[in-house]
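See structure below.
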Amino acid sequence: MINLQVAKIFYQIAEYYTMDDVAFKPQAYERAARLIEGLEDDLADIYKDGGTKALMKIPGVGQGLAEKIEEYIKIGKIKEYEKLKKACPVDLEHLTAVQGLGPKSIKMLYQKLKIRTLADLEKAARAGKLTALPRFGPKVQENILRGIQYVKGGQGRMLLGYALPLARKFEERLNNLPDVERAVAAGSIRRMKETIGDIDILAIAKRPAKVMDYFCSMTEVDRVLSKGQTRSSVRLHSGLDADLRVLSQESFGAGLQYFTGNKDHNVALRAIAQGKKYKLNEYGLWRGKQMAAGRTEEEVYKKLGVQFMPPEMRENTGELDLAAKNKLPKIVNYDEVLGDLQMHSEWSDGANTILEMAEAAKKLGHQYIAITDHAGRLYIAGGLKEKELLKQMAEIEKADKKVSGIRILKGAEVDIDKEGKLHIEDKVLAKLDIVLGAIHDNFKMSKEAMTKRICRAMQNQHMDIWVHPTGRLIGRREGYEVDWDEVFAQAVKTNTAIEINAYPERLDLSWQNVKRAIAAGVKISIGTDAHATNHLSYLELGTAVARRGWAEKKDVLNCLSFEELLKFLKR
DNA sequence: GCCGTTTTCGGCCCGACTGTTTTCAGTCG
């Protein structure tokens, strides 16, 4: 997969053009880089199938950038980039990561002090050499030194599963202040993106200064980065940044829209506004000096002739076109998901008993769960062999009778071997209510072999769901590659569902692939993969992925009633 | 360099905050 490498080069070209005050190219390169980053298909594959014409179908990629991608595929580099880099040979990737250091400063640092790397920069700053430069005072120098430490610490984005509870805590505290009328986390948290760069909170407040004081002195705050009347920014001990912005009641909807993003969605929405002779900013929708809307998000979208949509859909992947035609899908609601179809107990590598899992799920309002301990091989997480599995089935039946108000399905997460065979005998699988197929080894097969392996597994009539489909671990391990068109077609043909694994570092299928799976007619299942009772709440994260992939209620297995679900499983 | 309900040419988002200035450039989102 070359996408991330190409995106990185495009980001850097954007920085170089900014250094030289080239107009408009930086935004074009940056936008293309962002979109390529989020692409599920390999650029090399797209090119192989349809040449530069196919590349130009990617939004933000025109003739010029398509040719640059072609160049990268053919000769492994982009000459334009090499030329820019030669003129200013600096470690842009790490230098730009330093807070407060942008392309203009980096260029000057190179020209005046020959600074190329973080190490060069640190040495110069420690020697006090930066203060001699125009616009560089002692404070800038100090901030740069701190920024370097931060970059060296390798703090990146935080998983949604960890950032969300934190953001909710901040929301709740602020909402409890007498001066705060309303506080809401916006940004990528509100869109439920799988990783979070920072926490963005918006508030309506009577005395902003007091609220800012409170925000900047919370126990989680490591350092105040900036503090003003309408906006403050802090760095938390966890390494994450958090922003608080205070807006007026009249502007709150426009602000919420603006700070929820994403950026490309907003750019597209502002273009729609311009087309209708409006101006849209974070304070409202304006015609001249007259405010046309701003109090609520709904009002802003409506005035622009665009259907309102949940934040999870706002990624500029076609939602605005559909909304303008009043044709948005009605995506699944969080409360329409009735149960959890993957979890582990102490029978394999889970921490709790079957009964404890059931009681905890019941408390969350679930109508049913599936106990799906590892089965197949001993060496994976205490996997059960046939005999133990039969014993566990009896145990689950007992538990199901014992608890009221929730049903428990007998399931197992079964290894799929190299050839695509399930590791448990068919006659035992036949006794289970629900069979999950999973890949736990041989990740490094070729795309063709992996596709064949999975398609073969789906042919097993007992396998109901293919779980954590790509095996990715966000930020740690890239998922393996498969031919999605082929796999989706096989899933439809064999009536096999594909899982959205809701575990914070998995969220696998990705929302991009959920979108494609659904378009192909594949049924989606959501499973938390809980290994303890406190993991059961991850169901919300999995549902968020379904929503970001535009899944409707009818697409999601867990939206079926218990009786309907049994019918599907016995198909 | 991209893009098209105003366009195949001529547009392209803009306000807050900081640190350095003594009126503003650079950065960020």
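Using a 4.0 Å heavy-atom criterion, one finds that A:Pro26 contacts no nucleic acid atom at all. In this structure, A:Lys227 reaches the sugar-phosphate backbone alone: every heavy-atom distance under 4.0 Å involves primed, P, OP1 or OP2 atoms, never a base. Residue contacts shown for A:Phe10 are absent, as no nucleic acid heavy atom lies under 4.0 Å away. Among the atoms of the strands shown, none is found under 4.0 Å from any heavy atom of A:Tyr17. Residue A:Lys277 is out of contact with every strand shown, counting any heavy-atom pair closer than 4.0 Å. Using a 4.0 Å heavy-atom cutoff across all strands shown, A:Phe259 reaches no nucleic acid atom at all. Using a 4.0 Å heavy-atom distance criterion, A:Asn143 is classed as a sugar-phosphate-only contact. Contact annotation for A:Ser105: backbone-only contact, meaning every heavy-atom pair under 4.0 Å involves sugar-phosphate atoms and none involves a base. Residue A:Pro134 is out of contact with every strand shown, counting any heavy-atom pair closer than 4.0 Å. Residue contacts for A:Gln63: at a heavy-atom cut-off of 4.0 Å it reaches the sugar-phosphate backbone alone, with no base atom in range.
Neither side chain, A:Asn262 nor A:His265, offers a donor N or O lying under 3.5 Å from an acceptor on the other.
Looking at the side chain of A:Asp243, the nearest of the listed nucleotides B:dG26, B:dC2, B:dG29 is B:dG29. Taking only side-chain atoms of A:Ser226, from C-beta outward, the nucleotide of B:dC12, B:dC2, B:dT18 with the closest atom is B:dT18. With distances taken from any side-chain atom of A:Tyr258 to the nucleotides B:dA16, B:dC13, B:dG1, the minimum falls on B:dC13. In the set B:dC13, B:dG29, B:dC17, B:dG29 carries the atom at the smallest distance from any side-chain atom of A:Asp200.
Between A:Lys57 and B:dC3 there is no side-chain polar atom (N or O) within less than 4.0 angstrom of OP1 or OP2. In this structure, A:Tyr283 reaches the B:dA16 phosphate: one of its side-chain N or O atoms is under 4.0 Å from OP1 or OP2. In this model, the phosphate group of B:dG26 is not approached by any side-chain N or O of A:Lys107 to a distance below 4.0 Å at OP1 or OP2. Remark: A:Thr230 is in phosphate contact with B:dC17, judged by side-chain N or O atoms under 4.0 Å from OP1 or OP2.
The nearest whole Å value for the distance from the CD atom in A:Gln99 to the C1' atom in B:dT18 is 12 Å. For A:Arg31 and B:dG1, the CZ to C1' distance is 11 Å, given to the nearest whole Å. To the nearest angstrom, C1' of B:dG15 lies 9 Å from CZ of A:Arg231. Distance CZ (A:Arg135) to C1' (B:dT20): 5 Å, rounded to an integer number of Å. The interatomic distance linking A:Leu240 (CG) with B:dG29 (P) rounds to 12 Å, in whole Å. One interatomic measurement links the two molecules: CE of A:Met56 to P of B:dG1, which rounds to 13 Å at whole-angstrom precision. The nearest whole Å value for the distance from the CD1 atom in A:Ile58 to the P atom in B:dC2 is 12 Å.
For the pair A:Lys114 and A:Tyr110, the cation-pi test (distance below 6.0 Å, angle within 45°) is passed.
Remark: the backbone N or O of A:Glu315 is paired with a side-chain donor or acceptor of A:Glu319 at under 3.5 angstrom.
Remark: A:Arg245 engages A:Asp200 in a salt bridge, criterion side-chain N to carboxylate O under 4.0 Å. At a threshold of 4.0 Å, the pair A:Lys152-A:Glu122 counts as salt-bridged, since one of the basic side-chain nitrogens sits closer than that to a carboxylate oxygen.
Annotation: B:dT6 and B:dG15 have their P atoms spaced 23 Å apart (nearest Å).
Comparing A:Asp198 and A:Leu280 by the nucleotide of DNA chain B that holds the closest heavy atom to each, the one mapping nearer the 5' end is A:Leu280. Each of A:Lys139 and A:Pro103 lies near DNA chain B, and the nucleotide nearest A:Lys139 is the one positioned closer to the 5' end.
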**Study point:** Verdict with supporting geometry, A:Ile75 and A:Lys79, side chain to side chain contact (heavy atoms under 4.5 Å, CB included)
**Key:** CA-CA 10 Å; A:Ile75 62 171; A:Lys79 284 189 201 123; 4.3 Å; yes
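Checked against the 6.0 Å centroid threshold, A:Tyr29 and A:Tyr17 count as a close aromatic pair.
You cannot call A:Phe24 stacked on the base of B:dC2; the centres under 5.5 Å and planes under 30° rule is not satisfied.
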